[in-house]
Amino acid sequence: MNNYKYKHSSKVRSLLEKIRLINPLYDIEIIFPKIRWPDNSVNQLLEKNKMMRMHHAISINALNNDIGLQAIVDRNSEADLWIHIIDDKKNIIGWSINKKLIINNQTANYFQITMFHQKIQGQGFYPLLNEIRIEIIKPDLLFVRTQNPQVYKYFTKLCQNHNFKISPTKEYINIKMVKLLENIFDNLDNKSVQRGLFNKAISNYPPKFEKDTELIWSRMNIDKGDCLVIVGYQD
């Protein structure tokens, strides 16, 4: 693990303990890309690009679909935080990226992507990982876009744990939050749906819907590439 001030965090330890139940040699790596690769020299680019190719390979495994290396590069290149789950052979088997933005004088934490290899999916890592992401980039506002109802479930829990309100819900859409993010996401409509981001569902696995949130997902067409933009905000 990188030697940085969060390595003694209880949240990092909680995730580390859980992944080591699978294998005691598994580890966590936390990278601040703009610090690790400040000038994009040849050696820095080679290292960064090698990791992004590993990210791409994990995404194919996680989604049973290839969204393309360029889609990964576009999102990862300007990120502020990468977190890796590393196996006993030092291979990346799970990863997340976050970007820090300032929007209307508020610090926003954008949860850009999370991917887990199939062999570590369903182990309860995602909510623990989210807690680390919000500890490192402390937000006034946080948001994610997704086609995955499980992301909605756990992102909502994260917001509740930290006293953030959530939009959208099945009863309410905060139009003020939608307007705030219109410059971030093209084709974002008043249902908090970004239309046609992809030309199809990005995962070839069928989504697992929670019955009490079905109405939210009925507002969009995942098969046409729509993504839900979920916002955690404070009054």
Side-chain angles (χ1 to χ4, degrees), residues 33 49 51-85 91-99 101 108-127 129-130 133 142-158 166-168 173 178 181-182 184-189 191-210 213-232:
N49 289 339
M51 287 188 182
M52 287 193 286
R53 286 193 293 272
M54 286 190 278
H55 292 170
H56 178 225
I58 294 300
S59 75
I60 294 172
N61 177 275
L63 300 170
N64 192 28
N65 185 32
D66 187 356
I67 62 174
L69 175 61
Q70 192 60 48
I72 301 296
V73 171
D74 288 345
R75 288 160 177 78
N76 291 25
S77 293
E78 297 303 319
D80 293 283
L81 172 66
W82 295 4
I83 302 178
H84 295 154
I85 297 175
N91 296 313
I92 298 170
I93 54 174
W95 58 276
S96 68
I97 62 169
N98 287 65
K99 186 172 180 61
L101 302 167
N109 186 339
Y110 175 20
F111 284 48
Q112 290 185 281
I113 311 180
T114 306
M115 296 284 178
F116 296 124
H117 191 284
Q118 290 179 41
K119 67 183 179 182
I120 63 167
Q121 290 178 9
Q123 302 292 323
F125 298 150
Y126 183 62
L129 180 61
N130 283 350
R133 299 162 84 181
L142 59 158
F143 54 91
V144 66
R145 61 181 176 181
T146 187
Q147 294 181 341
N148 187 343
Q150 294 302 301
V151 170
Y152 183 88
K153 175 182 177 180
Y154 290 109
F155 195 79
T156 297
K157 288 184 178 179
L158 177 71
I166 192 83
S167 177
I173 300 170
V178 172
L181 297 181
E182 281 182 337
I184 307 296
F185 300 117
D186 295 333
N187 301 320
L188 182 62
D189 69 14
K191 295 180 180 178
S192 204
V193 174
Q194 186 177 16
R195 300 292 176 185
L197 176 63
F198 302 97
N199 57 12
K200 60 180 180 178
I202 64 168
S203 175
N204 280 331
Y205 297 109
K208 298 177 181 178
F209 293 101
E210 302 283 331
T213 60
E214 283 181 342
L215 178 61
I216 295 171
W217 300 96
S218 71
R219 299 168 184 159
M220 57 189 287
N221 190 332
I222 292 175
D223 291 333
K224 290 187 176 181
D226 293 351
C227 286
L228 184 69
V229 176
I230 312 162
V231 187

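What you see is a predicted model; the values in this text were computed from it and never measured.
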Is there side-chain contact between [X] and [Y], with heavy atoms separated by less than 4.5 Å?
X	Y	value
Val193	Leu188	no
Met51	His84	yes
Asn76	Ile113	yes
Pro168	Arg219	yes
Leu129	Ile83	yes
Lys99	Glu78	yes
His55	Met115	no
Val178	Ile173	yes

Looking only at heavy atoms, what is the nearest atom pair of [X] and [Y], with distance?
X	Y	result
Cys227	Leu197	SG-CD2, 3.7 Å
Pro33	Leu81	CD-N, 3.8 Å
Ile230	Thr146	CD1-CG2, 3.7 Å
Ile58	Ile92	CD1-O, 3.2 Å
Ala62	Tyr205	O-CE1, 3.4 Å

Derivation of the side-chain contact (heavy atoms from CB on, under 4.5 Å) call for Val144 and Leu228: CA-CA 8 Å; Val144 66; Leu228 184 69; over 6 Å; no
Lys200/Asp223 salt bridge by N-O under 4.0 Å criterion: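 So Asp223 does not pair with Lys200 through a salt bridge.
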Quick check for you: to the nearest 0.5 Å, what is the distance between [X] atom [atom1] and [Y] atom [atom2]?
X	Y	atom1	atom2	value
Lys157	Ile166	NZ	CD1	13.0 Å
Asn130	Thr114	CG	OG1	6.0 Å
Ser192	Ile216	OG	CD1	9.5 Å
Phe185	Tyr110	CZ	OH	4.0 Å
Asp189	Met220	CG	CE	9.5 Å
Asp66	Ile72	CG	CD1	8.5 Å

Aromatic ring pairing Phe111/Phe155, orientation class (parallel under 30°, perpendicular over 60°, tilted between):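 The rings of Phe111 and Phe155 stand perpendicular, inter-plane angle above 60°.
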Parallel, tilted or perpendicular: rings of Phe116 and Phe125 (30°, 60°):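 It falls in the perpendicular class, over 60°.
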Contacts of type side-chain contact (heavy atoms from CB on, under 4.5 Å), residue Glu182, not counting sequence neighbours: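 For Glu182 the side-chain contact (heavy atoms from CB on, under 4.5 Å) partners, ignoring immediate neighbours, are Lys179.
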I'd like to know if the side chain of [X] and the backbone of [Y] have a donor-acceptor N/O pair within less than 3.5 Å.
X	Y	answer
Gln112	Ala79	no
Asn204	Asn64	yes
Ser77	Asp74	no

Under a plain distance cut-off of 3.5 Å, with no hydrogens placed, do [Y] and [X] share a side-chain donor-acceptor pair?
X	Y	value
Asn109	Asn98	yes
Arg145	Gln194	yes
Tyr152	Gln147	no

Worked check of side-chain contact (heavy atoms from CB on, under 4.5 Å) between Arg195 and Lys224: CA-CA 8 Å; Arg195 300 292 176 185; Lys224 290 187 176 181; over 6 Å; no
Steps toward side-chain contact (heavy atoms from CB on, under 4.5 Å) verdict (Trp95, Ile85): CA-CA 6 Å; Trp95 58 276; Ile85 297 175; over 6 Å; no
